[in-house]
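I have placed the structure first, in the form of structure tokens, so that the comments after it can refer back to it.
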2 protein chains.
Amino acid sequence: MDPGAPKFRRRKAERPGEIVAAALAVFAEKGFAAARLDEIAARAGVSKGALYLYFETKEDLFRAVVGQAIAPNIAAVRAMAEAHPGPFEDLLRGVATQLAHIVGVTRIGSVAKMVIGEARNFPEVARVWHDELVAHALAAMSGAIAAAQARGEVKPGDPRVYALQLISPMLLAVIWRETFVPVGAEPFDLNTLVSQHVETILRGMLAEGAST
Amino acid sequence: MDPGAPKFRRRKAERPGEIVAAALAVFAEKGFAAARLDEIAARAGVSKGALYLYFETKEDLFRAVVGQAIAPNIAAVRAMAEAHPGPFEDLLRGVATQLAHIVGVTRIGSVAKMVIGEARNFPEVARVWHDELVAHALAAMSGAIAAAQARGEVKPGDPRVYALQLISPMLLAVIWRETFVPVGAEPFDLNTLVSQHVETILRGMLAEGAST
DNA sequence: TGCTAATAACCGACTGGTCAGTTATTAAGG
DNA sequence: CCTTAATAACTGACCAGTCGGTTATTAGCA
């Protein structure tokens, strides 16, 4: 051992980001309750005590993960849904593609699954996820659908239910990947699923006269 | 207190069923990890030690819950899907109705959510759920879809993906109810959702020439 | 430029509480 | 009165959060 090597380094600015990244990984892998603060600390290269210099509680740490690592992705989708000028069909294809990409490259699916599984025991976790992500995304999607209905592009029906129909297969595919593939189930290919679903649902949603 | 009243009664035959019923309730409410054996025992009217007279471990108890309280419901759906003689459209409407009913009156949704949430930490739980329920149900549904495709009733496409598209909104609605409604979100009406989804998806799945 | 407080980032052992599973003991019931 | 269902106290392991001590870094001074 080098006796001159420092035991640690003071890096106040970098710590929070590193801790949030480590927490994201551990929450995604283990879930909220089973995530060990010792492990998060170890992965972030600090001691458990250091966690409490930057975050008040485990829940507070989760809030930071949602706000910094997850929410920006959803905000991008929301912006797209709200700003899109063209016909509904194009909007839907665009959003689906973007969502599939985000699901493919981030841990959002794992964290969503975590939220689902632990909502009852940690309502605050569910509330954060709902208020900061889901409610906004759902409002944006159903708003776009309602607007398309007003233009006569989409058949009558509850816009909120349409929004649920739209995203549910993707969510279920993620759940499948996280839940059953590890115990031997055949995975679903996200691209196949998204394209087949978009075609099916468009055929079902679009009003008769609309272009394709 | 009545000094003549017995402290307990020996009821070897009834205990397992009562324990399984109590375990179902607690697993559904709390999830696997957060379910306390003390609480299960209390609800079953026995001591914790008595649990171990009938079940080896907590996981073993969960296996019994799946086998005795959940699997029979799914087996009924499966039988319907496999035996249905008429056109695909009728089969789909029948299965959807039956599923909506089961979801409405049993705790299957809560337990499904539990399995999803705790799969990674308790792979054995996920394996039991998949092997004894999901795999069979998915095979039956995609088999029926493939058969309908062979008869020219349903458009080309991966039958497994179609099956996923079919059931995913219902599952997501249950997840929504269990996860976000308790923290203030607006619930989805299961009947509205099922009927709108069936109409949408049928319009998207059925081949052009098929009747409606 | 070097030396020495003073500061605060960081560590890690510890606490208080929880809980799955075990076991010594009791009493129900043939 | 003897077998065994059932109890209740117990054990050992685990973990979120705390806190007194330690060390890197900086500021002050020569």
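The sequence lines fix the lettering, A, B, ..., with proteins before strands; numbering per chain opens at 1.
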Quick one: which protein N/O atoms are closer than 3.5 Å to N/O atoms of nucleotides 11-13 of chain C? Pair and distance per line, please.
residue: C:dC11; atom: OP2; partner: A:S47; partner atom: N; Å: 2.5
residue: C:dC11; atom: OP2; partner: A:S47; partner atom: OG; Å: 2.9
residue: C:dC11; atom: O5'; partner: A:S47; partner atom: OG; Å: 3.4

Which whole-number value in Å describes the distance from [X] [atom1] to [N] [atom2]?
{"X": "A:L51", "N": "D:dC15", "atom1": "CG", "atom2": "C1'", "result": "14 Å"}
{"X": "A:K58", "N": "D:dC15", "atom1": "NZ", "atom2": "C1'", "result": "9 Å"}
{"X": "B:I40", "N": "C:dG21", "atom1": "CD1", "atom2": "P", "result": "11 Å"}
{"X": "A:Y54", "N": "C:dC10", "atom1": "OH", "atom2": "C1'", "result": "8 Å"}
{"X": "B:Y52", "N": "C:dA20", "atom1": "OH", "atom2": "P", "result": "7 Å"}
{"X": "A:I19", "N": "C:dA9", "atom1": "CD1", "atom2": "P", "result": "12 Å"}

What pairs of nitrogen or oxygen atoms, one from the protein and one from nucleotides 4-8 of chain C, lie under 3.5 Å apart?
residue: C:dA8; atom: O4'; partner: A:R10; partner atom: NH2; Å: 3.4

Short side-chain N/O contact from A:R11 to OP1 or OP2 of C:dA9, under 4.0 Å: no
Any A:R36 side-chain nitrogen or oxygen under 4.0 Å from OP1 or OP2 of D:dA16: yes
Among pairs that include at least one residue of [range], which meet salt bridge (charged side-chain N to carboxylate O under 4.0 Å, His left out), considering only residues two or more places apart or in two chains?
{"range": "residues 156-185 of chain A", "result": "A:E178-B:R120"}
{"range": "residues 123-144 of chain A", "result": "A:R63-A:E124, A:E124-A:R127"}
{"range": "residues 26-36 of chain B", "result": "B:E29-B:R43, B:K30-B:E39"}

Over all strands shown, is A:A34 touching base, sugar-phosphate only, or nothing at heavy-atom distances under 4.0 angstrom? nothing
With sequence neighbours left out, the residues meeting side-chain hydrogen bond (donor to acceptor under 3.5 Å, both in side chains) with A:D60 are none
By ring-ring contact (aromatic ring centres under 6.0 Å, His included), which residues pair with [X], not counting sequence neighbours?
{"X": "B:F27", "answer": "B:F32, B:F62"}
{"X": "A:F88", "answer": "none"}
{"X": "A:Y54", "answer": "none"}

Contacts to DNA chain C from residues 22-31 of chain B, heavy-atom cutoff under 4.0 Å, which residues? none
With A:A137, which residues qualify under side chain to side chain contact (heavy atoms under 4.5 Å, CB included), at least two apart? A:I74
Partner residues of A:K155 under the salt bridge (Lys or Arg N to Asp or Glu O under 4.0 Å) criterion, sequence neighbours left out: A:E208
